[in-house]
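Heads up, the thing below is written out as structure tokens.
Model, not experiment: these values are computed from the prediction.
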Amino acid sequence: MTDTPFRAPVGARPPVGVDTSRASIARVHDASLGGKDNFEVDRRALDSVLEVAPGIAEVSRRNRAWMRRVVRYLAGIVGVDQFLDAGAGLPAVGNTHEIAQLVTPRARVVYLDNDPMCVVHGRVLLETNEDTVYLHGDLTDPDVLGHDSAVWRYLDRARPVAVLFGSVLHHIEDAANPAGIVAGCVEALSPGSFVAITHYWDPADGSPAHELARAVERRFLEHGLGTGWYRSREEIVSYFDGLELVDPGVVPVDQWWPAGPVRAPQTVEERLLLGGVGRKSERPVAPPGDR
């Protein structure tokens, strides 16, 4: 399969790819899940974070569990049969297409990432799945979901699509305008589409949880990755402007449509990951402050 070669937008952080001298977001995440597609530099970056936040690996696992619940909900209860996994990273256990197609066998899934290593691994995994594709593209590129985007060769933009931003927006710096990235995505979607987001949360209240968020952020920024920002709840909720929030709103991930009784976060680290799902309605939705 071929698609238009990716050119990073001016000012965008270049993807690491197979460079073993720098830690990669996707490979560090893989290491936190106990995967094998990572290098020593990635494990050192993860170990640096574990020194101040020993429960951070569980955050990665809870995030993936949340994404699986969301996909089951959207494919099974809502009936969405098109998914875009944006900033998808490296394949792991329980990938989006596996969950969606278990519920809806003909569901179509597009994975998107700017890291060529992720794309190569993803395409190997998906080479026999005709309803799933892994594309090379960057969320900071304003044309990533434009009229000529390769995404729309595989998904029907005239029908609802579920876009998943799982643990990706907190790796986009303020200067790149993560809220604007989501807004541009929403604008490209048809009514009835959904956007699902998880994001690191800073309570900003002087509590031990706030201090931990600041400490982990410093480790992310200064010890290898160079990205990973904890933002306020208000900032995270603002990403859903123009969307109807699905109950229970933006909450710690284990409190969103759990598969069974609500599971209370076991560690402070787990409480600092919020998740939510919003729906694009037929009519404009007032911003949260105007409701």
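Ion pairing between E217 and R214 holds under the 4.0 Å rule for side-chain N and carboxylate O. Taking 4.0 Å as the cut-off between side-chain N and carboxylate O, D174 and R231 count as a salt-bridged pair. With respect to E187 and K280, no salt bridge is recorded, no charged nitrogen being found less than 4.0 Å from a carboxylate O. One finds a salt bridge joining R62 and D254 here, because a Lys/Arg side-chain nitrogen approaches an Asp/Glu carboxylate oxygen to under 4.0 Å.
The main-chain N or O of G166 is never found under 3.5 Å from a side-chain atom of T198 such that the two would form a donor-acceptor pair. A donor-acceptor contact shorter than 3.5 Å is absent between the side chain of R68 and the backbone of I99. A distance-only check finds a donor-acceptor pair linking the side chain of W257 to the backbone of D247 [under 3.5 Å]. Remark: side-chain polar atoms of R43 are not paired, donor with acceptor, to backbone N or O of A31 under 3.5 angstrom.
Contact annotation: the side chain of Q255 never approaches that of R271 to less than 4.5 Å [non-hydrogen atoms, C-beta and beyond]. V78 has its side chain out of reach of V246: every pair of non-hydrogen atoms, C-beta onward, lies at least 4.5 Å apart. The closest side-chain heavy-atom distance from L139 to L112 is below 4.5 Å. With contacts defined as side-chain heavy-atom distances shorter than 4.5 Å, the pair E269/E58 does not qualify. At a threshold of 4.5 Å between non-hydrogen side-chain atoms, the residues V216 and R219 do not count as touching. Side-chain contact between W66 and V277: present, with at least one pair of heavy atoms (C-beta onward) separated by less than 4.5 Å. Two residues are said to be in side-chain contact when any heavy atoms from C-beta on lie closer than 4.5 Å; F165 and P178 fail this criterion.
By the 30° and 60° cut-offs, the orientation of the rings of Y134 relative to Y111 is parallel. Using cut-offs of 30° and 60° on the angle between ring planes, the pair Y230 and F220 is parallel.
Between D81 and T104, the shortest heavy-atom distance links the atoms CB-CG2, 4.2 Å. Shortest non-hydrogen contact noted between R61 and S32 is NH1-O, 3.7 Å. For the pair Q101 and A107, the tightest heavy-atom approach, listed with the atom from each and the gap, is NE2-O, 3.0 Å. Contact between R233 and V250 at its shortest, heavy atoms only, is NH2-O, 2.8 Å. Nearest heavy atoms, D42 versus V28: O-CG2, 3.6 Å. Heavy atoms only, all atoms of each residue included: H136 and N114 are closest at NE2-O, 3.1 Å.
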Evaluate side chain to side chain contact (heavy atoms under 4.5 Å, CB included) for Y200 paired with L273, printing each intermediate quantity in order. CA-CA 5 Å; Y200 294 151; L273 182 73; 3.8 Å; yes

Going through the distances and angles, do V71 and L164 end up as a side chain to side chain contact (heavy atoms under 4.5 Å, CB included)? CA-CA 9 Å; V71 172; L164 312 175; 3.8 Å; yes

Apply the test side chain to side chain contact (heavy atoms under 4.5 Å, CB included) to residues I56 and L46: give CA-CA distance (whole Å), side-chain angles for both, the deciding distance (0.1 Å), then the verdict.
CA-CA 9 Å; I56 201 71; L46 176 60; 4.1 Å; yes

Next item on the list: Go through the steps for H210 and D202 under the test side chain to side chain contact (heavy atoms under 4.5 Å, CB included), then give the verdict.
Entry: CA-CA 6 Å; H210 162 68; D202 177 7; 2.7 Å; yes

Step by step, work out the salt bridge (charged side-chain N to carboxylate O under 4.0 Å, His left out) result for E130 and R106.
-> CA-CA 9 Å; E130 63 182 20; R106 298 302 295 180; 3.2 Å; yes

Assess whether side-chain hydrogen bond (donor to acceptor under 3.5 Å, both in side chains) is satisfied between N63 and S167, documenting all intermediate values.
CA-CA 8 Å; N63 178 74; S167 281; 3.2 Å; yes

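For the atom pair OG (S190) and CG (D156), the distance works out to 8.0 Å, reported to the nearest 0.5 Å. Atom CD1 of residue I25 and atom OG1 of residue T227 lie 3.5 Å apart, to the nearest 0.5 angstrom. How far CH2 of W229 is from CD of E235: 12.5 Å, rounded to the nearest 0.5 Å. Of the inter-residue distances, the one linking L90 atom CG with D113 atom CG reads 8.0 Å to the nearest 0.5 angstrom. To the nearest 0.5 Å, atom CG of residue N95 and atom CG of residue D85 are 8.5 Å apart. Put simply, CG on D143 and CG on D138 are 11.5 Å apart, with the number rounded to the nearest 0.5 Å.
No path of Ile, Leu, Val, Met, Phe, Trp and Tyr side chains, each step under 4.5 Å between heavy atoms, connects V103 with F194, placing them in separate hydrophobic clusters. Under the 4.5 Å side-chain heavy-atom criterion for grouping Ile, Leu, Val, Met, Phe, Trp and Tyr, V120 is not connected to F39 through any hydrophobic cluster. Cluster annotation: L33 is not connected to V59 through the hydrophobic network of ILVMFWY side chains, with a link wherever side-chain heavy atoms come within less than 4.5 Å. V268 and L274 fall within a single hydrophobic cluster, where Ile, Leu, Val, Met, Phe, Trp and Tyr side chains are chained together by heavy-atom contacts under 4.5 Å. V80 and I77 fall within the same hydrophobic cluster, defined by Ile, Leu, Val, Met, Phe, Trp and Tyr side-chain heavy atoms under 4.5 Å apart, directly or through other members.
Side-chain rings of Y239 and H199 approach one another, their centers coming within less than 6.0 Å.
More than 12 heavy atoms of other residues, nucleotides or ligands sit less than 6.0 Å from atom CH2 of W152.
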